[in-house]
Amino acid sequence: MEGSSNVEDLAVGCLLSIKTTLGDEFEGQIITFDRFSNILVLQEGLKSGPRRNIRLLKANYIKEFSYLGHGEDPLDAKKCHLDLNALQAREELAVRKAEADAERIGVGVTIEAQGIFDALSKTLPVRWDKTVIVVMNEVRVKSPYLPESVSGGTPAANDRVKKVLEFERNRLQVRGTSQ
């Protein structure tokens, strides 16, 4: 690391131009340095405002840096803008998405069954009922997930699911043999 004898010598609020060992170049302000993990926490850019990008950077990834000056305290509570309602809304959305993603993962099913489920979900509404794929809330596809394993629903829905299932199984087989 060039430019100074030690990252730990730099104080909160220092403005730096940094080049990393990975080729990134950016400017930022030091928020803090964690000696135990050797991580430097930087606010990217030299402007403060309501929106900030924070970068966590392992100090040993710093190839070189230049001291650009000293800015205002980046942790000044009077200048930190947090929209708690927006943060709570983002959290709720992330939790709902994670729950929906978790419901799409079959428990106790084979990789092939999950692949069929994922392929069917691209064209039809599907959900798991234990190890049975339920399509359009009426048609059920049981293991071994062949067209002959399709039951329930109207004849038209049943035929549609069989066609899509057959197409997706063929596509998955072709993809499996080409890899």
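- The CG atom of Asp24 lies 12.0 Å from the CD1 atom of Ile62; values are rounded to the nearest 0.5 Å.
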Intermediate values then yes/no, side-chain contact (heavy atoms from CB on, under 4.5 Å), Val41 and Asp34:
CA-CA 8 Å; Val41 181; Asp34 180 53; over 6 Å; no
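- When every heavy atom of Pro144 is checked against every heavy atom of Ser149, the shortest pair comes out as CD-OG, 3.5 Å.
- Looking at every heavy atom in both residues, Arg127 comes nearest to Asn137 through NE-OD1, 3.0 Å.
- Side chain of Glu138 to main chain of Thr154: a donor-acceptor pair is present (N/O by atom type, distance under 3.5 Å, no hydrogens or angles).
- For the atom pair CD of Glu92 and CG of Leu87, the computed distance is 11.5 Å after rounding to the nearest 0.5 Å.
- By the neighbour-count criterion of 12 heavy atoms within 6.0 Å, atom CZ of Phe26 is densely surrounded, having more than that number from other residues, nucleotides or ligands.
- Hydrophobic clustering of Ile, Leu, Val, Met, Phe, Trp and Tyr side chains at less than 4.5 Å, counting indirect connections, unites Ile39 with Ile54.
- In this structure, Leu40 CG and Ile30 CD1 are separated by 5.0 Å, a value rounded to the nearest 0.5 Å.
- Within 6.0 Å of the CG atom in Leu22, the count of heavy atoms belonging to other residues, nucleotides or ligands exceeds 12.
- Remark: side-chain polar atoms of Gln29 are paired, donor with acceptor, to backbone N or O of Glu72 under 3.5 angstrom.
- Considering all non-hydrogen atoms of both residues, Gly152 and Asn158 come closest at O-ND2, 3.0 Å.
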Please walk me through it: do Glu168 and Arg171 pass salt bridge (Lys or Arg N to Asp or Glu O under 4.0 Å)?
CA-CA 5 Å; Glu168 292 301 342; Arg171 196 171 64 82; 2.8 Å; yes
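- A distance-only check finds a donor-acceptor pair linking the side chain of Gln114 to the backbone of Gly106 [under 3.5 Å].
- Here CG of Leu42 is found 4.5 Å from CD1 of Ile18. Values are rounded to the nearest 0.5 Å.
- Using a distance-only test at 3.5 Å, with no hydrogens or angles considered, no donor-acceptor pair links the side chain of Lys142 to the main chain of Thr131.
- Scanning both residues, Leu165 and Pro147, for their nearest heavy atoms gives CD2-N, 3.7 Å.
- Residues Ala157 and Met136 share a closest heavy-atom pair of CB-CE, 3.6 Å.
- Using a cutoff of 4.0 Å between basic side-chain nitrogens and carboxylate oxygens, Lys163 and Glu166 are not scored as salt-bridged.
- No continuous path of ILVMFWY side-chain contacts below 4.5 Å connects Val109 to Val132, so the two sit in separate hydrophobic clusters.
- In this structure, the separation between OG1 on Thr20 and CG on Asn60 is 11.5 Å, given to the nearest 0.5 Å.
- Note that OG1 of Thr32 is 10.0 Å distant from CZ of Arg35, once rounded to the nearest 0.5 Å.
- Among all heavy-atom pairs drawn from Val139 and Val150, the shortest one is CG1-CG1, 3.4 Å.
- Linking Ile, Leu, Val, Met, Phe, Trp and Tyr residues whenever their side-chain heavy atoms come within less than 4.5 Å leaves Leu146 and Val134 in two separate clusters.
- Pairs of residues two or more places apart, or lying in two chains, that qualify as ring-ring contact (aromatic ring centres under 6.0 Å, His included) and include a residue from residues 113-169 are Phe117-Trp128.
- In this structure, Arg160 and Leu124 have side chains that are in contact, with non-hydrogen atoms separated by less than 4.5 Å.
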Worked verdict on Lys97 versus Leu93 for side-chain contact (heavy atoms from CB on, under 4.5 Å)
CA-CA 6 Å; Lys97 184 181 180 322; Leu93 182 64; 5.7 Å; no
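- At a threshold of 4.5 Å between non-hydrogen side-chain atoms, the residues Ile116 and Arg169 count as touching.
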